[in-house]
Amino acid sequence: MALTTQRVDVPVIVDESKCLEKCTACIEVCPLDVLVKNPETGKAYMKYDECWFCLPCEKECPTNAITVQIPFLLR
Amino acid sequence: MNIQNLKTDFLVIGGGTAGTMAGIKAKQANPDADVLILEKANIRRSGAIAMGMDGVNTAVIPGNSTPEQYVREITIANDGILNQRSVYQTGRWGYEVIQELESWGVKFQKDHEGNYDLKQVHRVGKYVLPMPEGKDLKKILTRQVKRHKVRVTNRVMATRVMVKDGRAIGAVGFDVRKGDFVVIQAKAVVLCTGACGRLGLPASGYLYGTYENPTNAGDGYSMAYHAGAELTNIECFQINPLIKDYNGPACAYVASPFGAYTANAEGNRFINCDYWSGQMMLETWKELNSGKGPVHLKMYHLDDDTISEIERVLWANERPSRERFHEGRKENYRTHGVEMNISEIGLCSGHSASGVWVNEKAETTVPGLYAAGDMASVPHNYMIGAFVSGRLSGINAMEYVQGVKHIEPDPDFLEAEKARIYAPLNRPDGVPHTQVEYKLRRYVNDYLQPPKSPTNMDIGLAAFERYHDTLDLMGARDPHELMRCMEVHFIRDCAEMAARASLYRKESRWGLYHYRLDYPDKNDEEWFCHANLKKGENGEMEMFKREVAPYIVDVNLDQEVYDVAVR
Ligand SMILES: Cc1cc2nc3c(=O)[nH]c(=O)nc-3n(C[C@H](O)[C@H](O)[C@H](O)COP(=O)(O)OP(=O)(O)OC[C@H]3O[C@@H](n4cnc5c(N)ncnc54)[C@H](O)[C@@H]3O)c2cc1C
Ligand code: SF4
Ligand code: SF4
C-alpha cells in the first residue's frame, strides 16, 4: 500500500507554558484516549484526531492549560 | 507481546452506567466474591454519562406514576413489541436506584416541599426528573466502585467472550496502550458496552461527531453475537432529532417543561409531544420533506430569565460543549431557533429497542452471560434502565456463580483470536482504519438509512459481506490504532445485522425506525413478534421469529395507537 500524511486541524489545544511535566490528568480521563505526552518536552498534546468534544480533559486540568474546540468539520 | 492471565468470579465488561452499578450490586450481594470491571477507557469519565446527565428520562416515582402505567406507555410507544416483564423492572426498581444514588451524593431536582420535581415530556405521564447538577455522576460512581472494593482494569478493550461447554467462561481482549494480550477467566460475564454509536456516518463526515460516546462502537452487540447469544429488534434503529452538525441533543427534554417546543420553519408545531419515538421521527421526516423545513427547537418566545435557566442546565451537563458550538456561530436561544436534523442510524435499546435479547433477570440466551444498559433489549430504557439492568445482572450473577467452577479456555480459540486482533500490526502500511471505517459507514448511510428499500438493502448487505476482505487490508502502527481497527470489525458485524433484520421484517413499524417503502403498513397478523437473530451452526447469521411474551399489563393496541402528529 502507498501512504501519505495529511495535515488536519485538531480540536484540542494545549498551552505548553501551563502544562505540568509530572501531570497526566487529561490523558487519564479522556474516553477516546487521544491525548499523550511529548516525550521530549513532557507536554501533553492531541495525537489522534478522534474527539467527542466532551470536555473531561479540560475540566480536570489543574492549570487550565487545555482548550477544546468544536472539531473543524462541525464548527 | 506480553500475555496477562486474570481470574475473577464475575467479569463486568464496560464500566459505564450499567457496568459500575453491576459491579457495586454484585459486591453488595456477596462481599467475598471477586468482581472485576474491564474498561476500554477509564471509568472515572467513560461512556454516555462521562460529563453527567441533565435529567432522568424514565423515573417511576410513587405518587407520580406506577410501574404498570410506565409499562403501558412504553408498550404503546414501542408498538407492542417488547417483553413487558423486563420493562416492568425499570419501573419497579428505578425509585430505589434514584434513592441510592442520592445517598451517594447525586443531586436530583426537588420542589419547595422537598419532593422529586417530575416533568411531563412523554405523551402521557410524568417520568422526567431534572438533574441540573448532574455533571459529576461518573466521579461519584467511581468512588462507590472503589468503596465496594470492586477491582477495575482500565484501558483494556474486550474483543470476544469465551464460551465453552455451552456457557460463558470469560473474555479476551488487549491493553490499548501497552498492547498486552489479556485473557480473563470468569464464572459469569456481563456485557455493558453501551450502544452501537458509530454505525451511520454523521452528515458532518467526522467519524467521532456522533450522538453516542463514539467509544461505544457496537462492541457488545458483536461480542454477544459471536458468543452465540440471540439479538432482537435490530431493525428498530436508533435515529434522533439532533442539533444540526453538532449532532447532540438540543435538548427538548430539558427545555420543553419550560415552554420550548419543536417547530417548523414557520414557527408552527407539527408534533404535540417531544418525547423521542419512531413515530415522532417519522413526523419530523415528513415535515422536512414537505417544504416546511428546517425544523428547530423554539425558545425565542420565552422570557430572558427562563432562557438563562435553560442555558445553565444545558451548558454544565451531559454535552456542555453545546455552549461553544452556538457561540462559534453567533447563535442565541433568545433570537434563533436551534436548527435540528435527523441523525444517522445507530443501535441502542436505551433509546429505541435494538439489542441483545434479555429476560427480566438480565440473562441472555447463553448461560452465564448477562447483558445490561443500552445494548440489552429493554425498549426506551435510558439511564435509569441501565442502572436497573446493571443491578439485576450483578445480583443474579452472584446467585448463578454459586457452585460454578472456572474452566480452562480452549488454546486453539485463544491462538485464533490473538491472530485476528494483532493482524493489522503486521501491516503497518495497510489502509488506515479511518478510511476503512469511513467507507463502511458511508455504505450504511447509502443503503440502510430509512426509509428503507429492499434492493438498496440487498446491495448494502452484499457490500457488508464483501467488507470482510477490506478489513484484512487494514494496517495499524500502535495499540491505539489497533483498538480502532477492532472497533471497525464490530461496526461491520452490526451493519450486517442491521441489513438482515431490516430485510427480514416485511412490514413497517416504529415510525421512521423501520419504515419500509415496499411494505409501508404495519402487519400485525404476520409480524406481531420479535425478529431475532443469532449465529447459526454453520457460522451464518440466522433470522427467526420469537413470540411476544404474554402481557402482564393489559393494553389494547387497536385502540391505543401512538400518534403525535398535529393535524
Ligand atoms: C448525549 C446523550 C444524552 C443522554 N441524555 C439522557 C438523559 O437526559 N436522561 C436519560 O435518562 N438518559 C439519557 N441518555 C441515555 C443514557 O445516558 C444511556 O442510556 C446510559 O447511560 C447507557 O448506559 P450503558 O452502561 O449502557 O453505556 P455507557 O454508560 O456508555 O457505558 C459503556 C461503557 O463500556 C465501555 N466499553 C465499550 N466497549 C468496550 C469494550 N470493548 N471493552 C471494554 N469496555 C468497553 C465504554 O468505554 C463505556 O465506559 C443520553 C445518552 C447520550 C449519549
Ligand atoms: S474533549 Fe473528550 S474526547 Fe476530546 S480530548 Fe478531551 S476528553 Fe478526549
Ligand atoms: S491536565 Fe493539564 S497540566 Fe496535566 S498534562 Fe494535561 S494539559 Fe498538562
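Convention: sequence-line order gives letters A, B, ...; per-chain numbering from 1. FYI, side chains are in, hydrogens and waters are out, and symmetry mates aren't considered; it's all heavy atoms of this structure.
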S.K.: How many angstroms lie between CZ in R324(B) and CZ in F53(A), if you round to the nearest 0.5 Å?
M.R.: 11.5 Å
S.K.: Run L32(A) and R484(B) through side-chain contact (heavy atoms from CB on, under 4.5 Å) and show every step you take.
M.R.: CA-CA 10 Å; L32(A) 277 294; R484(B) 296 284 172 256; 3.2 Å; yes
S.K.: Under 4.5 Å between any side-chain heavy atoms of K59(A) and M51(B), yes or no?
M.R.: yes
S.K.: Side chain from CB out, backbone as N, CA, C, O: work out which of these in D478(B) comes under 4.5 Å of a heavy atom of chain A, or both, or neither.
M.R.: side chain
S.K.: Can you tell which part of R427(B) gets under 4.5 Å to a heavy atom of chain A, answering side chain, backbone, both or neither?
M.R.: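 Interface part for R427(B): neither.
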S.K.: Is there a donor in the side chain of D49(A) and an acceptor in the side chain of Y208(B), or the other way round, less than 3.5 Å apart?
M.R.: no
S.K.: If you count the non-hydrogen atoms of other residues, nucleotides and ligands that lie under 6.0 Å from NZ in K439(B), is the total more than 12?
M.R.: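 No.
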S.K.: Specify the closest pair of heavy atoms between L74(A) and S204(B), including all atoms of both residues, with the distance to one decimal.
M.R.: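 Result for this residue pair: CD1-OG, 3.5 Å.
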S.K.: Any idea which heavy atoms bring P31(A) and A41(B) closest together, and the distance?
M.R.: O-CB, 3.5 Å
S.K.: Restricting to non-hydrogen atoms, name the atom on P320(B) and the atom on C54(A) that form the minimum distance, rounded to 0.1 Å.
M.R.: CG-O, 4.1 Å
S.K.: Using a cut-off of under 4.5 Å on heavy-atom pairs, state which of L207(B), L473(B), N213(B), N42(B) scores highest against chain A.
M.R.: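 Option with the greatest count: N213(B).
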S.K.: Measuring heavy-atom distances to chain A, does E323(B) have an atom under 4.5 Å in its side chain, in its backbone, in both, or in neither?
M.R.: neither
S.K.: Looking only at heavy atoms, which two atoms of R155(B) and I27(A) are closest? And how far apart?
M.R.: NH2-O, 3.4 Å
S.K.: Counting only non-hydrogen atoms closer than 4.5 Å, does P56(A) touch chain B with its backbone (N, CA, C, O), its side chain (CB onward), both, or neither?
M.R.: both
S.K.: Counting only heavy atoms closer than 4.5 Å, note whether P428(B) contacts chain A via side chain, backbone, both or neither.
M.R.: backbone
S.K.: Taking side chain as everything from C-beta outward and backbone as N, CA, C, O, which of these in V36(A) sits under 4.5 Å from a heavy atom of chain B? Side chain, backbone, both or neither.
M.R.: neither
S.K.: Please check if atom NZ in K43(A) has more than 12 non-hydrogen atoms from other residues, nucleotides or ligands closer than 6.0 Å.
M.R.: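 Yes.
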S.K.: Measure the shortest side-chain to side-chain distance between D33(A) and K40(B) over non-hydrogen atoms and say whether it is less than 4.5 angstrom.
M.R.: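 No, their side chains stay 4.5 Å or more apart.
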S.K.: Chain B heavy atoms under 4.5 Å from Y48(A): which part of the residue, side chain, backbone, both or neither?
M.R.: side chain
S.K.: Search all heavy atoms of V34(A) against all heavy atoms of H480(B) and return the closest pair with its distance.
M.R.: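 The pair with the smallest heavy-atom distance is CG1-CE1, 4.2 Å.
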S.K.: Among R329(B), K138(B), E39(B), R177(B), single out the residue with the greatest number of heavy-atom pairs under 4.5 Å to chain A.
M.R.: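 Between R329(B), K138(B), E39(B), R177(B), the count favours R177(B).
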S.K.: Mind checking whether W52(A) and R319(B) have side chains closer than 4.5 Å, heavy atoms only?
M.R.: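 In short, these two side chains touch, coming nearer than 4.5 Å.
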S.K.: Non-hydrogen contacts under 4.5 angstrom with chain A: give the residues of residues 243-251 of chain B involved, or none if there are none.
M.R.: D245(B), Y246(B)
S.K.: Side chain from CB out, backbone as N, CA, C, O: work out which of these in T210(B) comes under 4.5 Å of a heavy atom of chain A, or both, or neither.
M.R.: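 For T210(B), the contact with chain A is made by backbone and side chain together.
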S.K.: Going through the distances and angles, do E481(B) and K47(A) end up as a salt bridge (charged side-chain N to carboxylate O under 4.0 Å, His left out)?
M.R.: CA-CA 11 Å; E481(B) 291 188 10; K47(A) 185 172 179 193; over 6 Å; no
S.K.: Within a strict 4.5 Å, meaning less than it, do heavy atoms of the E50(A) and H433(B) side chains meet?
M.R.: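 Side-chain contact under 4.5 Å: yes.
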S.K.: Does some side-chain heavy atom of L3(A) sit less than 4.5 Å from a side-chain heavy atom of D429(B)?
M.R.: yes
S.K.: Are E28(A) and R44(B) ion-paired here, with the side-chain N under 4.0 Å from a carboxylate O?
M.R.: no
